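Comments concern the structure below.
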Amino acid sequence: MTRQGICGKIGEMADWKEGMPPVVRFAPSPTGYLHVGGARTALFNFLFARHHGGRFILRIEDTDRKRYQPEALAEIFTSLKWLGLQWDEGPEAGGDAGPYFQSQRTALYRRHAEELLAAGRAYRCFCSEERLANLRAEQEKAKMAQGSGYDRHCRSLAPGDSEKLLAAGKSYIVRLKVPDARAVAFHDLIRGDITYDSAQLDDLVLLKSDGFPTYHLANVVDDYLMGISHVLRGDEWIASTPKHILIYEAFGWAPPLFAHMPVILAADGGKLSKRRGAASVLDYQRAGFLPEALRNFLALLGWAPGGDREVMTLEEMIRAFTLERVQAKAAVFDETKLEWMNGVYLQGRSVESLLPDVRAAWEKMELPAAALADEAFLKKVIAMFRERSRKVSEIAASSLYFFRDPQGYDEQAGRKHFKAEALPLIDALLERLAIQEPFAAPALEALYRKLAEERTVGAGKLIHPTRLAVSGVSFGPGLFEMLEALGRETVLRRLRQARGHIAARGQDGN
RNA sequence: GGCGCUAUCGUCUAGGGGUUAGGACGGGUGAUUCUCAGUCACUAAACCGGGGUUCGAAUCCCCGUAGCGCUGCCA
């Protein structure tokens, strides 16, 4: 099946030679938020470029005017920067190969389409959308074994007829003349050689009737003009690659090297989406994840450095990254493991670095106005909760009782620790805590231990009710550091309140 | 339907003609502690199926099956 005419020698297609600094690009379409799959593709491009000392270009593929969303652009930039994936060339960064928005390069694509037209490698197609829709419907009905797609109706149009229609101002598109049954092969750096029969490919559209190029044309022209050496993209593009090879061939250009990244799946094995597993990078930020954790986790989806290393710095990832170690298999996004990894990074973060994010989370929680005024206090609280949290948002959510009295008591814990027998103990605590000096963790612990001994009860009989009284829940930081941070006044107030709660419950016969 | 890609514990993966098939998350058990988290120790858990090649296959080849992708004037 491989005969003459095959495009280049497999594996030796590109001008790029081993050792040259590669040029790669991430080319998102601004049609919505940046999802984690796209972010992972960007990450791999970034790691690859950095590992080999090459350049990482960001290019915006905004050729679909119907689906264009202006807000998407800012979201893409913000997401990439948040993850620490700064591009060397592209919007905001500049560069010699710009502009980096395809919508600003339309003249370029048109010129190249004209070139193909003049060379007889492409033709104008005047078929209406209705005709094409009918054609598709018929093919669907007939369940054609093969050869589905455009029927090449306009390919055989006499030059004179074509000129006439053009002169008459009839709207048209430009299609590539795909050669008849011929092997079109390329080498995928991750999957090996892949061969398609050109008979499977229809005469794809290069230029749309609105004058904008299709992805296929724009992507090939730009990759060539921007000197892209390696195209690292999602594996949904595998089936389009032979089309791109044919376009390169029509131009007489050497195609770049290709590597198709495996997709990221939701936990149920389906496609990742808003509904199934957030999907948007910024949603993960909002959910309390750290960028370095998400980045590290994403890197391990489809790539493994070998050995047992998992938690790695960006620099370590750059050093270890190679395409040979990228997996061809789709990977499921396991949010539980992400949480674990986030927890690991959270422990490594300084309280100072966490403060802005946690404060922002607290600010959304309707606390008393003055509650967040004391920065030193905020840091103390963060320090107490950091080690028992996995997400930034968890720190904020579980520490609310440091800013306002508990709004009730955990029911199950109440049954266990707020028994009538606790009353005399609380009374004793109230008495001693009122005069305890200093009101500091070690001294407080001594006080509790001593009282427990005097009353011949386990320290837990004192500790658990106190914890529930001051926090409303049965878990949290060490009790004594908590009491110290809360301060005498607050502790006494909450203990009294809990005492009243227990007494009242007792009267109800509970 | 056609074409293509993929297939190791539940999940992410290492390995790759001869291994007790390794690690991580999650699960289970125990220890520690005022709770939770953590930490430590232990533990259950996998080579999709069938043929072939071979002294030997999870590993190489073929077929099947399943999942996914493409089959647009979307990207």
Side-chain angles (χ1 to χ4, degrees), chain A residues 27-31 61-64 66-67 125 127 129 132-133 136 139-140 142-150 171-175 188 190-191 194-197 199-202 204-210 212-216 218-219 233-243 260 262-263 265 267 269-271 297 300-311 325 327-341 343 347 385 387-390 394 398 413 417 445 448-449 452 458-464 466-468 471 473-480:
Chain A
S29 183
T31 54
E61 309 223 322
D62 52 351
T63 55
D64 185 344
K66 294 184 196 99
R67 294 202 306 156
C125 171
C127 290
E129 303 215 32
L132 296 178
R136 254 195 299 278
Q139 289 173 342
E140 180 69 26
K143 285 226 165 80
M144 288 178 65
Q146 64 172 31
S148 66
Y150 182 58
S171 141
Y172 67 91
I173 58 177
V174 175
R175 287 181 184 274
D188 184 287
I190 293 171
R191 289 151 222 272
I194 298 175
T195 305
Y196 278 81
D197 183 343
Q200 296 295 330
L201 279 24
D202 61 350
L204 60 125
V205 178
L206 300 172
L207 218 54
K208 306 183 229 178
S209 55
D210 63 3
F212 275 72
T214 57
Y215 167 83
H216 303 300
N219 149 78
R233 74 224 304 190
D235 73 3
E236 69 268 27
W237 294 109
I238 292 178
S240 294
T241 304
K243 300 177 185 176
H260 291 92
V263 291
L265 270 18
K271 232 174 146 175
F297 176 74
L300 262 17
L301 245 35
W303 173 73
D308 294 339
R309 282 182 301 164
E310 293 212 285
V311 177
R325 301 199 65 93
Q327 182 111 22
K329 188 185 87 170
V332 171
F333 192 97
D334 180 4
E335 191 151 329
T336 308
K337 184 157 185 180
L338 204 214
E339 285 189 7
W340 162 78
M341 186 166 276
Q347 306 323 313
F385 283 89
E387 57 189 304
R388 41 182 48 78
S389 301
R390 292 189 150 198
E394 255 176 64
S398 52
H417 304 304
E445 177 156 16
Y448 270 70
R449 303 273 176 218
K461 291 280 183 215
L462 265 26
I463 289 169
H464 297 308
T466 306
R467 172 185 299 285
L468 188 58
S471 74
V473 292
S474 60
F475 54 87
L479 181 72
F480 307 110

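Worth saying up front: this structure is predicted, and the values here are computed from it rather than measured. Labels below follow one simple rule: chain letters A, B, ... track the order of the sequence lines, proteins then strands, and each chain is numbered from 1.
Heavy-atom neighbours of K461(A) NZ from other residues, nucleotides or ligands within 6.0 Å: at or below the threshold of 12.
Residue R233(A) is out of contact with every strand shown, counting any heavy-atom pair closer than 4.0 Å. Using a 4.0 Å heavy-atom cutoff across all strands shown, E339(A) reaches no nucleic acid atom at all. At a threshold of 4.0 angstrom between heavy atoms, the contacts of L301(A) are confined to the sugar-phosphate backbone, with no base atom among them. As judged by a 4.0 angstrom heavy-atom cut-off over every strand, E61(A) is placed among residues touching the sugar-phosphate backbone only. Base engagement by S240(A) is indicated by at least one non-hydrogen atom pair under 4.0 Å involving a base atom.
In this structure, the CD atom of Q327(A) is 5 Å from the P atom of U13(B), given to the nearest Å. Rounded to whole Å, atom P of G69(B) lies 14 Å from atom OH of Y196(A). The distance from atom CZ of R309(A) to atom C1' of U13(B) is 14 Å, rounded to the nearest whole Å. Straight-line distance from the CH2 atom of W303(A) to the P atom of A14(B): 11 Å, rounded to whole Å. A straight line from CD1 of I194(A) to C1' of U6(B) spans 11 Å, rounded to a whole angstrom. Residue D197(A) contributes atom CG, which lies 18 Å from atom P of U71(B) at whole-angstrom precision. Between the P atom of A14(B) and the CZ atom of R325(A) lies a distance of 6 Å, rounded to the nearest Å. The distance from atom CZ of R191(A) to atom C1' of A7(B) is 12 Å, rounded to the nearest whole Å.
Here the OH-CG distance, from Y215(A) to L206(A), works out to 14.0 Å after rounding to the nearest 0.5 Å. Between R467(A) atom CZ and F480(A) atom CZ the span is 9.0 Å, to the nearest 0.5 Å. Atoms CD1 and CG, from I463(A) and L468(A) in turn, are 13.5 Å apart once rounded to the nearest 0.5 Å. Annotation: the span from L338(A) atom CG to L301(A) atom CG amounts to 9.0 Å, rounded to 0.5 Å. Rounding to the nearest 0.5 Å gives a distance of 11.5 Å between CE of M341(A) and CZ of R390(A). With rounding to the nearest 0.5 Å, the separation of CZ in R175(A) from OG1 in T214(A) is 10.5 Å.
Across all strands shown, A66(B) is found opposite U6(B) as a Watson-Crick or G-U wobble partner, with both distances under 3.5 Å. Under the Watson-Crick and G-U wobble criteria, each requiring two contacts below 3.5 Å, nucleotide G1(B) is paired to U71(B). Here G38(B) sits opposite U32(B) as a Watson-Crick or G-U wobble pair (both hydrogen-bonding atom distances under 3.5 Å).
Taking the P atom of each, U54(B) and A21(B) are spaced 26 Å apart, rounded to whole Å. Distance noted for atom P between A14(B) and A7(B): 11 Å (whole Å). Between the C1' atoms of A45(B) and G28(B), the separation comes to 11 Å (whole Å). For G2(B) and U8(B), the P atoms lie 25 Å apart once the distance is rounded to whole Å. Taking atom C1' in both G49(B) and C3(B), one finds a spacing of 24 Å when rounded to whole Å. When the P atom is used for both A46(B) and U11(B), the distance is 12 Å, rounded to whole Å. Taking atom C1' in both C40(B) and C61(B), the straight-line distance is 48 Å, to the nearest Å. With both ends at atom C1', the span from C47(B) to A57(B) equals 11 Å, rounded to whole Å.
Among the nucleotides G15(B), A75(B), C73(B), the one closest to any side-chain atom of R136(A) is C73(B). Proximity note for W237(A) (side chain, C-beta onward) versus A75(B), U6(B), C73(B): the nearest is A75(B). Checking U6(B), C12(B), A75(B) against every side-chain atom of A328(A), the shortest atom distance belongs to U6(B). Looking at the side chain of A239(A), the nearest of the listed nucleotides G69(B), U11(B), A75(B) is G69(B). Here the nucleotide nearest the side chain of E236(A), chosen from C12(B), G69(B), U6(B), is G69(B). You'll find that the side chain of Q200(A) is closest to G2(B), out of U13(B), C5(B), G2(B). Between C5(B), U13(B), C74(B), one nucleotide has an atom nearer to the side chain of A304(A) than all others, and that is U13(B). In this structure, of C3(B), A14(B), C5(B), it is C5(B) that holds the atom nearest to the side chain of I238(A).
What you find for A330(A) and L265(A) is that their closest heavy atoms are CB-CD2, 3.7 Å.
Residue order along RNA chain B, read from the 5' end via each residue's closest nucleotide, puts P262(A) first among C125(A) and P262(A). Mapping S171(A) and V263(A) onto RNA chain B by nearest heavy atom places V263(A) closer to the 5' end of the strand.
Residue F212(A) is tested with D64(A), T63(A), D62(A), L207(A) for a side-chain contact (heavy atoms from CB on, under 4.5 Å); the sole match is T63(A).
W340(A) pairs by the ring pair (Phe, Tyr, Trp, His ring centres under 6.0 Å) definition with nothing, not counting sequence neighbours.
The phosphate of C74(B) (OP1 or OP2) has a side-chain N or O of K208(A) nearer than 4.0 angstrom. The phosphate of G4(B) has neither OP1 nor OP2 within less than 4.0 Å of any side-chain N or O from K243(A).
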Starting at the 5' end of nucleotides 20-40 of chain B, put B wherever the base has a protein heavy atom under 4.0 Å, S where only the sugar-phosphate does, and a dash everywhere else. ---BBSS-------BBBSS--
